[in-house]
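These values consider heavy atoms only, across backbone and side chains, with no hydrogens, waters or symmetry-generated copies.
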Amino acid sequence: METKAKRGDLLATLYWTQSIVERRNTMPILANVLIECQRGEIRLTATDLEVGVRGHVDGEVAKEGTVTVNAKKLYEIIREVPNEQVQLKRLENDWVEIKSGKSVFKIVGMDAREFPQFPKIDSKGLSTTPASTIREMIERTIFSVSTDETRYSLNGVFVEESEGGKIRMVSTDGHRLAFEERVLGSLGLTKGVIVPRKGLSELKKLLESGEDGVVSIGFRENMGLVIKDKVELFMRLIDGDFPDYTKVIPKGNPNKGIKMEFADGKVSISANNPDLGEAVEEIEAEYKGKPISIGFNARYLLDVLTVLDSEGEVDIELKDELSPSVIRKTGKEGYLYVLMPMRL
């Protein structure tokens, strides 16, 4: 294998491998990036078996072949080389030579046949949708995903299609629930799927890169597939049953406020820490109803306020001190957040 490519192009593609490669050394090959030079094309692939990324690099292939090398070491070397042109060459015993200007590096590699195989994506079978819309949906749901590994089916965001070309994303950790619905058209889903947190985090980074544009997305068997520009992302779906979230979303909460203790026209927000002291803030609010004193986990409340637009108002729908509350962006349909109260 022998190929030449621009330093900038290699770095841009290797960047996506850095947060995906496995560092725990359970399988040494998973710390490596697969380099494939075939039919005049250069491809770089990395995976931890749950999430995979494949990037296409423009370059010149002098000799076809494949090899794997440590993704972090290759990235660090190419980042520091002095010349814009970089040559990669496979030597005997899977060593790889890296040349740039007068600099020469040799690093040990591993046989490409040991690298896990990922499917080839046929972009014709994927749906095209605005990248900014998918990014916003992820931002408004991923923070509610459970980090408790014993609750495996809650370790991702539930994605399903509903009527009218609408796509829903739902997440919960048992204490709160985030629900987002947008009109995107069909993604080819016959039933709901659970997309893992890490896959969505990588997808969010990918969607934040470059111009918004569009992204191709779809699902095949147990995989979520995404293409943006020259980068392909694979996500192994979580095999489990997501709870019936429709039974969790409260209906008929008549009271709307913004906080914890409030009466007509005002809301009093208070916090108390035995070691540090207490704080009370009173703000105006459009509230008419019986006085209610209710407690929320401050971080859970801040999480949702952070992903909603900073300007404008939010509605908090309350029933009583012990029932779940619903938070919405005033005047905006399609998003809601269910928050369980806590005893103070």
Side-chain angles (χ1 to χ4, degrees), residues 127-145 156-173 175-187 189 192 195 200-201 203-204 207-208 211-215 217 242 244-260 262 265-267 269 283-289 292 294 296-319 323-341:
S127 302
T128 301
T129 190
S132 59
T133 302
I134 297 294
R135 185 187 70 244
E136 289 173 1
M137 294 182 75
I138 294 173
E139 287 176 348
R140 294 184 178 186
T141 53
I142 194 170
F143 64 89
S144 289
V145 172
V157 172
F158 183 66
V159 182
E160 69 173 352
E161 295 186 15
S162 59
E163 296 178 355
K166 294 180 180 178
I167 300 298
R168 291 176 178 173
M169 287 190 181
V170 188
S171 63
T172 182
D173 61 6
H175 303 287
R176 53 189 174 160
L177 179 147
F179 173 102
E180 174 85 333
E181 183 178 69
R182 298 282 189 94
V183 177
L184 294 178
S186 175
L187 297 183
L189 286 172
V195 184
L200 287 173
S201 296
L203 176 54
K204 181 172 175 285
L207 298 177
E208 290 172 341
E211 299 179 0
D212 277 339
V214 296
V215 60
I217 185 170
F242 198 79
D244 185 356
Y245 62 89
T246 60
K247 294 181 179 179
V248 178
I249 299 175
K251 294 180 174 62
N253 283 11
N255 302 312
K256 291 187 181 181
I258 304 197
K259 244 38 333 131
M260 297 188 184
F262 46 109
K266 66 179 182 180
V267 173
I269 305 173
I283 60 176
E284 294 182 356
E286 294 180 8
Y287 177 77
K288 291 183 179 181
I292 293 179
I294 187 169
F296 293 117
N297 180 301
R299 181 172 66 84
Y300 292 169
L301 191 57
L302 283 172
D303 282 345
V304 67
L305 295 177
T306 299
V307 300
L308 296 176
D309 296 335
S310 58
E311 298 183 358
E313 300 179 343
V314 296
D315 295 336
I316 298 184
E317 302 172 6
L318 307 164
K319 184 176 182 181
S323 299
S325 298
V326 177
I327 301 175
R328 307 176 192 266
K329 179 71 174 176
T330 304
K332 293 286 184 70
E333 296 183 358
Y335 182 76
L336 63 83
Y337 180 75
V338 179
L339 183 58
M340 297 295 295

List the atom of [X], the atom of [Y], and the distance in Å for their closest heavy-atom pair.
X	Y	result
Ser325	Ile294	OG-CD1, 3.8 Å
Val145	Ser171	CG2-CB, 3.9 Å
Gly156	Phe242	O-CE1, 4.2 Å
Val338	Leu336	CG2-CD1, 3.8 Å
Val307	Arg140	O-NE, 3.7 Å
Glu161	Leu187	OE2-N, 2.6 Å

Pairwise distance [atom1]([X]) to [atom2]([Y]) - rounded to 0.5 angstrom:
X	Y	atom1	atom2	result
Arg299	Thr306	CZ	OG1	11.0 Å
Glu286	Glu313	CD	CD	5.5 Å
Leu339	Phe296	CG	CZ	5.0 Å
Leu177	Tyr245	CG	OH	9.0 Å
Asp315	Lys332	CG	NZ	12.5 Å
Lys319	Ile292	NZ	CD1	11.0 Å

Can you sort out the partners of [X] under side-chain contact (heavy atoms from CB on, under 4.5 Å), two or more places apart, ordered by chain and number?
X	result
Val304	Phe143, Leu308, Ile327, Tyr335, Tyr337
Glu181	Ser162, Lys166, Arg168, Phe179
Thr129	Ile134, Leu184, Val215, Ile217

Is the closest side-chain heavy-atom distance between [X] and [Y] below 4.5 Å?
X	Y	result
Met169	Val159	yes
Ser201	Ile142	yes
Glu208	Glu139	yes

Before accepting this row, confirm whether a basic side-chain N of the pair Glu317/Arg328 lies closer than 4.0 Å to the acidic partner's carboxylate O.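 Salt bridge between Glu317 and Arg328, a charged N being under 4.0 Å from a carboxylate O: yes.
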Does the side chain of Ser144 come under 3.5 Å of the side chain of Asp173 through a donor N or O and an acceptor N or O?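 Note: Ser144 and Asp173 side chains miss the donor-acceptor criterion.
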